[in-house]
**Q** 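Quick one: the structure is below, and I'll ask about it shortly.
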Amino acid sequence: MPNYIINIKKTDGVYNEVHTTDCAYRPQVQNQDDLGWHVNGVDAVRYAQQNGYPAADGCQHCSPEAHRG
């Protein structure tokens, strides 16, 4: 199970992107919030949406199964 983080800054002012901690496109440390370990990106995005990030979306590179925008 990968560990996930979310970008606390919205991408293009729309989405808070969810990334694995080893994603090459993850945000800088000061712009990250830890989401913990999840089975996949869909689960991590769902968790983020239920915990203060309703605009969470999966990264197209590391969580394509959860990417919608």
**Q** For Glu65, is the CD atom crowded, meaning more than 12 foreign heavy atoms sit under 6.0 Å from it?
**A** yes
**Q** Taking all non-hydrogen atoms of both residues, which atom of Arg26 and which atom of Ile5 are closest, and how far apart?
**A** CB-CD1, 4.2 Å
**Q** Can you tell me how far apart NE2 (His67) and NE2 (His61) are? Round to the nearest 0.5 Å.
**A** 8.0 Å
**Q** To the closest 0.5 Å, what do you measure between CG (Asn3) and OG1 (Thr21)?
**A** 4.5 Å
**Q** More than 12 non-hydrogen atoms from neighbouring residues, nucleotides or ligands closer than 6.0 Å to CG on Asp34, yes or no?
**A** yes
**Q** What heavy-atom pair brings Ala66 and Asp57 nearest, and what distance separates the two atoms?
**A** O-OD1, 3.1 Å
**Q** Tell me the closest heavy-atom pair linking Ile8 and Gln32, and the distance in Å.
**A** CG2-C, 4.2 Å
**Q** Do Cys59 and Asn7 have side chains that approach each other closer than 4.5 Å (heavy atoms only, starting at C-beta)?
**A** no
**Q** First locate atom CZ of Arg46, then atom CG of Leu35, and finally report the distance between them rounded to the nearest 0.5 Å.
**A** 13.0 Å
**Q** According to the interplanar angle, ranging from 0 to 90°, do the rings of Tyr47 and His38 count as parallel (below 30°), tilted (30 to 60°) or perpendicular (above 60°)?
**A** tilted
**Q** Under a single-linkage definition using a 4.5 Å side-chain heavy-atom cutoff for Ile, Leu, Val, Met, Phe, Trp and Tyr, are Val45 and Trp37 assigned to the same hydrophobic cluster?
**A** no
**Q** Heavy atoms, side chains only, cut-off 4.5 Å: are Val18 and Tyr53 in contact?
**A** no
**Q** Would you name the heavy atoms of Ser63 and Tyr4 that are closest together and state the gap between them?
**A** OG-CE2, 3.6 Å
**Q** Check whether Asn40 reaches the backbone of Val42 with its side chain - one donor and one acceptor, N or O, closer than 3.5 Å.
**A** yes
**Q** For the atom pair NE2 (His19) and CD (Gln60), what is the distance rounded to the nearest 0.5 Å?
**A** 10.0 Å
**Q** Please enumerate all residues that pass ring-ring contact (aromatic ring centres under 6.0 Å, His included) together with Tyr15, with sequence neighbours excluded.
**A** none
